[in-house]
J.: 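Here's a structure for you.
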Number of protein chains: 2
Amino acid sequence: MGGTLRRRGYKLTPQRRAVLRTVALSQDHLTPAAIYDRVRQQHPGIGLLTVYRTLQILTELGFICEVHAGGSCGSYIVGSPEHHHHLICSNCGKVINFTGCNLSELEQRLSQQTGFEIESHLLEFLGCCRSCQKIA
Amino acid sequence: MGGTLRRRGYKLTPQRRAVLRTVALSQDHLTPAAIYDRVRQQHPGIGLLTVYRTLQILTELGFICEVHAGGSCGSYIVGSPEHHHHLICSNCGKVINFTGCNLSELEQRLSQQTGFEIESHLLEFLGCCRSCQKIA
DNA sequence: TTGTAAGTGAAAATAACTTTCATATAGATA
DNA sequence: TATCTATATGAAAGTTATTTTCACTTACAA
């Protein structure tokens with residue numbers, strides 16, 4: 001983490017470490033406010049503003065990802081540099097990362113049909129995880 | 001529109017008609033505030049609150065869709081009852097609807113691998129439309 | 001035509017996020 | 001290791017987005 005930050009001109013501060021740690025330790029996606037609450041338990045002085053700033057940088061660097069499906073807009077989950085997507089439990093918020101979306105064929109078709117130059121895609125699945133199925 | 005609303009216990013008011021009309025006439029995705037501004041030109045008395053409420057109902061009924069990709073969270077575009085997805089121009093915001101996402105194979109694989117019961121998916125492409133390519 | 005469930009708009013409240021700025025600190029460099 | 005400076009921090013205030021409450025109004029079923 002330190003290396004990646006420094007390479008981009010950012011510094012590795014205890015606050016940033018704490019924010020990433022908090023997101024990484026959570027199974028489910030968290031809002032900035034929820035992250036703030038958790039980080040404060042270990043790091044009482046931190047400001048919500050620092051959390052916002054840090055989330056932005058960590059997203060930019062690919063350490064974390066924002067999720068959208070199921071009203072989760074503006075929540076964050078730990079990420080990985082490789083291209084991947086999210087499968088989100090609509091009940092408990094648990095997120096599973098997966099790779100192999102295989103959308104290049106569809107992208108080509110769309111590009112041909114519309115003349116768009118395709119840059120990226122957003123793909124998320126919403127479902128009910130095994131433990132929530134048992135409860136329901 | 002009226003029939004669908006009534007069937008669900010909603011009423012067809014001039015405000016609702018105006019909001020849908022505004023979204024439907026736009027090529028690109030609009031925020032609630034932008035919709036409010038446009039609707040007000042034809043319908044000065046309308047409140048922003050009514051716009052919010054209407055957007056919620058129209059989304060629920062499938063007349064409009066919310067888009068997410070490229071920081072467009074909380075913007076709306078006209079929709080259609082059939083299953084479809086969006087291709088969004090990252091420059092001008094223009095949205096094209098398309099069908100045939102063909103994700104059932106991937107859904108099955110994920111379901112098997114994770115035990116999730118998959119409910120839905122969110123798929124959006126971001127690109128640069130033909131007219132914006134010329135300008136750039 | 002009338003009754004009523006649903007809808008509206010105003011105002012205020014809350015939530016989400018950003019700006020500004022003085023102070024503090026990571027970490028490069030001497 | 002000490003110093004220096006670009007970057008980061010936190011407090012406070014400001015802005016934007018969204019929701020709640022409530023008294024009044026209206027669509028539309030009977």
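Each chain gets a letter, A, B and so on, in the order the sequences are listed, and its residues count up from 1.
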J.: Among all residues two or more places apart in sequence or in another chain, which pass the side-chain hydrogen bond (donor to acceptor under 3.5 Å, both in side chains) test with A/Y36?
T.: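 Counting only residues at least two positions away or on another chain, A/Y36 forms a side-chain hydrogen bond (donor to acceptor under 3.5 Å, both in side chains) with A/R40.
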
J.: Is a donor from one side chain sitting under 3.5 angstrom from an acceptor on the other, for B/E66 and B/S75?
T.: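 Judged by distance alone, the side chains do not pair up.
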
J.: Please list, in 5' to 3' order, the outermost nucleotides of DNA chain C lying under 4.0 Å from any heavy atom of chain A.
T.: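 From 5' to 3', the first and last contacting nucleotides are C/dA16 to C/dA28.
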
J.: Give the residues of residues 47-75 of chain A touching DNA chain C, defined as any heavy atom closer than 4.0 Å, sorted by residue number.
T.: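 DNA chain C contact set from residues 47-75 of chain A: A/L49, A/Y52.
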
J.: Which of residues 23-41 of chain A sit near DNA chain D, with a heavy atom under 4.0 Å from it?
T.: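 DNA chain D contact set from residues 23-41 of chain A: none.
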
J.: List, by chain and then residue number, the residues other than B/V95 in its hydrophobic cluster (Ile/Leu/Val/Met/Phe/Trp/Tyr, side-chain heavy atoms under 4.5 Å); write none if there are no others.
T.: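 Members alongside B/V95: B/V67, B/I77, B/I88, B/L126.
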
J.: Show every donor-acceptor pair shorter than 3.5 Å between a side-chain atom in residues 128-136 of chain A and any protein atom, with sequence neighbours excluded, or say none if there are none.
T.:
residue: A/Q133; atom: NE2; partner: A/C128; partner atom: O; Å: 2.8
residue: A/Q133; atom: NE2; partner: B/G115; partner atom: O; Å: 2.8

J.: What does the B/S/- profile of nucleotides 24-30 of chain D look like, 5' to 3', with a 4.0 Å heavy-atom cutoff to protein?
T.: ---BSS-

J.: Please report the shortest heavy-atom distance between A/C101 and B/L106, naming the atom on each side.
T.: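 The pair with the smallest heavy-atom distance is O-CD2, 4.0 Å.
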
J.: Does B/A69 offer a backbone N or O that forms a donor-acceptor pair with the side chain of B/E124 under 3.5 Å?
T.: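 Yes, B/E124 side chain to B/A69 backbone: donor-acceptor pair under 3.5 Å.
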
J.: For B/E60, does the CD atom sit with more than 12 other heavy atoms under 6.0 Å from it, leaving out its own atoms?
T.: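 Enclosed.
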
J.: Under the ring-ring contact (aromatic ring centres under 6.0 Å, His included) rule, collect the residues that match up with A/H29, sequence neighbours excluded.
T.: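 A/H29 satisfies ring-ring contact (aromatic ring centres under 6.0 Å, His included) with no residue once adjacent residues are dropped.
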
J.: Is the number of heavy atoms from other residues, nucleotides or ligands within 6.0 Å of CD (A/Q56) greater than 12?
T.: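 For A/Q56, atom CD is not crowded (no more than 12 foreign heavy atoms under 6.0 Å).
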
J.: Under the side chain to side chain donor-acceptor pair (under 3.5 Å) definition, can you give me all pairs with a residue in residues 99-116 of chain B, not counting sequence neighbours?
T.: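 Every pair satisfying side chain to side chain donor-acceptor pair (under 3.5 Å) with a residue in residues 99-116 of chain B: B/E107-B/H121.
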
J.: Who pairs with B/R7 by salt bridge (charged side-chain N to carboxylate O under 4.0 Å, His left out), at least two apart in sequence or on another chain?
T.: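 Residues passing salt bridge (charged side-chain N to carboxylate O under 4.0 Å, His left out) with B/R7: none at all.
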
J.: Is there a continuous path of hydrophobic side-chain contacts, each under 4.5 Å between heavy atoms, that joins A/L122 to B/I118?
T.: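 Result: no, two separate clusters.
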
J.: Please give the angle, rounded to 10 degrees, between the axes at the start and the end of the helix from C/dT1-D/dA30 to C/dA30-D/dT1, where five pairs define each axis.
T.: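 Helix axis angle between the two ends: 40°.
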
J.: Give the table of side-chain donor-acceptor pairs shorter than 3.5 Å for residues 41-48 of chain A, with sequence neighbours excluded, one pair per line with atom names and distance.
T.:
none

J.: Kindly say whether the aromatic ring centers of B/F125 and A/F116 come within a distance under 6.0 Å.
T.: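 No, the ring of B/F125 stays outside the 6.0 Å limit from the ring of A/F116, centre to centre.
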
J.: Could you walk me through whether B/N97 and B/H85 pass side-chain hydrogen bond (donor to acceptor under 3.5 Å, both in side chains), step by step?
T.: CA-CA 6 Å; B/N97 291 7; B/H85 296 286; over 6 Å; no

